[in-house]
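What follows is a set of notes on a single structure, which appears directly below.
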Amino acid sequence: MKKIGIIMGSDSDLPVVQKAIDMLNEFEVPFEVHVYSAHRTPVEAKTFAESARENGFGAIIAAAGMAAHLAGAMAANTTLPVIGIPVKSKNLDGMDALLSTVQMPTGMPVATVAIDGAGNAALLAIQILAVEDASLAQKLDAQRAAGAAKVLAKNAEISAKYNR
Ligand code: RP5
């Protein structure tokens with residue numbers, strides 16, 4: 001199976017990124033985690049992205065806050081799918097990271113999830129790998145079914161309490 005690259009701009013992003021790590025572990029999808037910054041370590045960030053395909057990666061998740069051009073910098077140096085996680089910071093509540101991650105010019109796509117949406121970033125990466133992996137697709141189906149069963153159980157509970 002291809003690996004997922006998880007890159008964060010700072011170790012201060014780890015509490016958010018942890019949700020992606022947990023999700024990939026739950027699906028037993030292999031991954032590597034690195035701290036590379038588009039502005040503090042631009043050479044290392046570029047080298048990772050440039051060599052990611054030949055190093056066995058199938059998609060890259062890039063998490064960064066503030067001006068947050070990490071996902072775009074990854075996308076500029078690979079044609080692997082890049083998923084951006086805008087990380088919330090204290091001054092602008094993540095709007096800064098959201099806009100600088102989602103508003104990529106044509107030619108350099110970044111699939112951007114919600115602010116701090118690391119769980120969905122991992123799920124999207126898994127869905128990308130599942131295009132060519134039937135057993136992974138089955139695990140995704142099972143997870144969806146379990147999620148639906150939980151909601152229906154809650155519905156039954158609430159219905160029994162309020163509906164006469
Ligand atoms: C970004 O700046 C990082 O992704 C992080 O979200 C933000 C702040 O970084 P630190 O000052 O906490 O290292 O590059």
Side-chain angles (χ1 to χ4, degrees), residues 1-133 136-137 139-140 143-144 147:
M1 195 189 294
K2 299 275 189 200
K3 292 181 284 186
I4 302 300
I6 305 178
I7 314 300
M8 65 195 105
S10 166
D11 65 342
S12 67
D13 301 319
L14 186 57
V16 169
V17 168
Q18 188 64 49
K19 286 177 277 177
I21 294 172
D22 293 346
M23 190 69 79
L24 292 173
N25 274 328
E26 188 182 322
F27 278 84
E28 297 174 309
V29 167
F31 59 85
E32 275 183 30
V33 189
H34 295 281
V35 180
Y36 292 138
S37 163
H39 42 274
R40 291 170 176 155
T41 61
V43 174
E44 288 79 1
K46 179 172 185 277
T47 302
F48 178 88
E50 276 176 345
S51 55
R53 188 182 292 275
E54 72 199 49
N55 286 336
F57 292 93
I60 295 173
I61 294 171
M66 301 178 81
H69 52 146
L70 180 60
M74 287 285 138
N77 289 295
T78 182
T79 53
L80 289 175
V82 175
I83 302 164
I85 307 172
V87 175
K88 188 173 177 171
S89 54
K90 66 176 190 300
N91 288 329
L92 293 172
D93 271 347
M95 279 305 290
D96 43 358
L98 174 63
L99 296 179
S100 53
T101 306
V102 78
Q103 287 287 72
M104 284 300 291
T106 299
M108 297 295 157
V110 168
T112 305
V113 296
I115 295 168
D116 289 355
N120 266 358
L123 283 170
L124 186 52
I126 293 164
Q127 288 178 199
I128 289 166
L129 297 190
V131 168
E132 296 286 347
D133 187 324
L136 206 47
K139 283 188 191 175
L140 285 163
Q143 198 223 33
R144 290 273 175 106

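Numbering of ligands and ligand atoms starts at 1, following listing order.
When only non-hydrogen protein atoms are considered, atom 7 (C) of ligand 1 lies nearest to Met66 SD, 4.0 Å. Nearest protein heavy-atom neighbour of atom 13 (O) of ligand 1: Ser10 OG, 2.6 Å. With respect to atom 12 (O) of ligand 1, the closest heavy atom belonging to the protein is Ser12 OG, 2.6 Å. The shortest contact between atom 11 (O) of ligand 1 and any protein heavy atom is with Arg40 NH2, 3.2 Å.
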Listing, residues 85-100 side-chain donor-acceptor contacts under 3.5 Å, not counting sequence neighbours, or none:
from: Ser100; atom 1: OG; to: Ala67; atom 2: O; distance (Å): 2.6
from: Ser100; atom 1: OG; to: Asp96; atom 2: O; distance (Å): 2.9
from: Ser100; atom 1: OG; to: Ala97; atom 2: O; distance (Å): 3.4

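Within a 6.0 Å radius of CE in Met66, other residues, nucleotides and ligands contribute 12 heavy atoms or fewer.
Which parts of ligand 1 touch His39 is read off a 4.0 Å heavy-atom cut-off, strictly below it: atoms 14 (O). In summary, the atoms of ligand 1 found under 4.0 Å from a heavy atom of Asp13, numbered by their order in the structure, are 3 (C), 4 (O), 5 (C), 6 (O). Of all the atoms in ligand 1, the ones that sit under 4.0 Å from a non-hydrogen atom of Gly65 are 1 (C), 2 (O), 3 (C), 4 (O), 5 (C), 6 (O).
Ring geometry, His34 versus Phe48: the interplanar angle falls from 30° to 60°, so the pair is classed tilted.
Looking at Ser37 next to ligand 1, no N or O pair under 3.5 Å apart turns up.
Between Ala64 and Ala68 the shortest heavy-atom distance is O-CB, 3.5 Å. When all heavy atoms are compared, the tightest approach of Met74 to Ala45 is CE-O, 3.3 Å.
Side-chain atoms of Lys19 do not come within 3.5 Å of backbone N or O of Ala118 as any donor-acceptor pair.
Not close to ligand 1: Met8, with no non-hydrogen atom less than 4.0 angstrom away.
Ion pair Lys2/Glu132 not flagged as a salt bridge, since none of the NZ, NE, NH1 or NH2 atoms sits closer than 4.0 Å to an Asp/Glu carboxylate oxygen.
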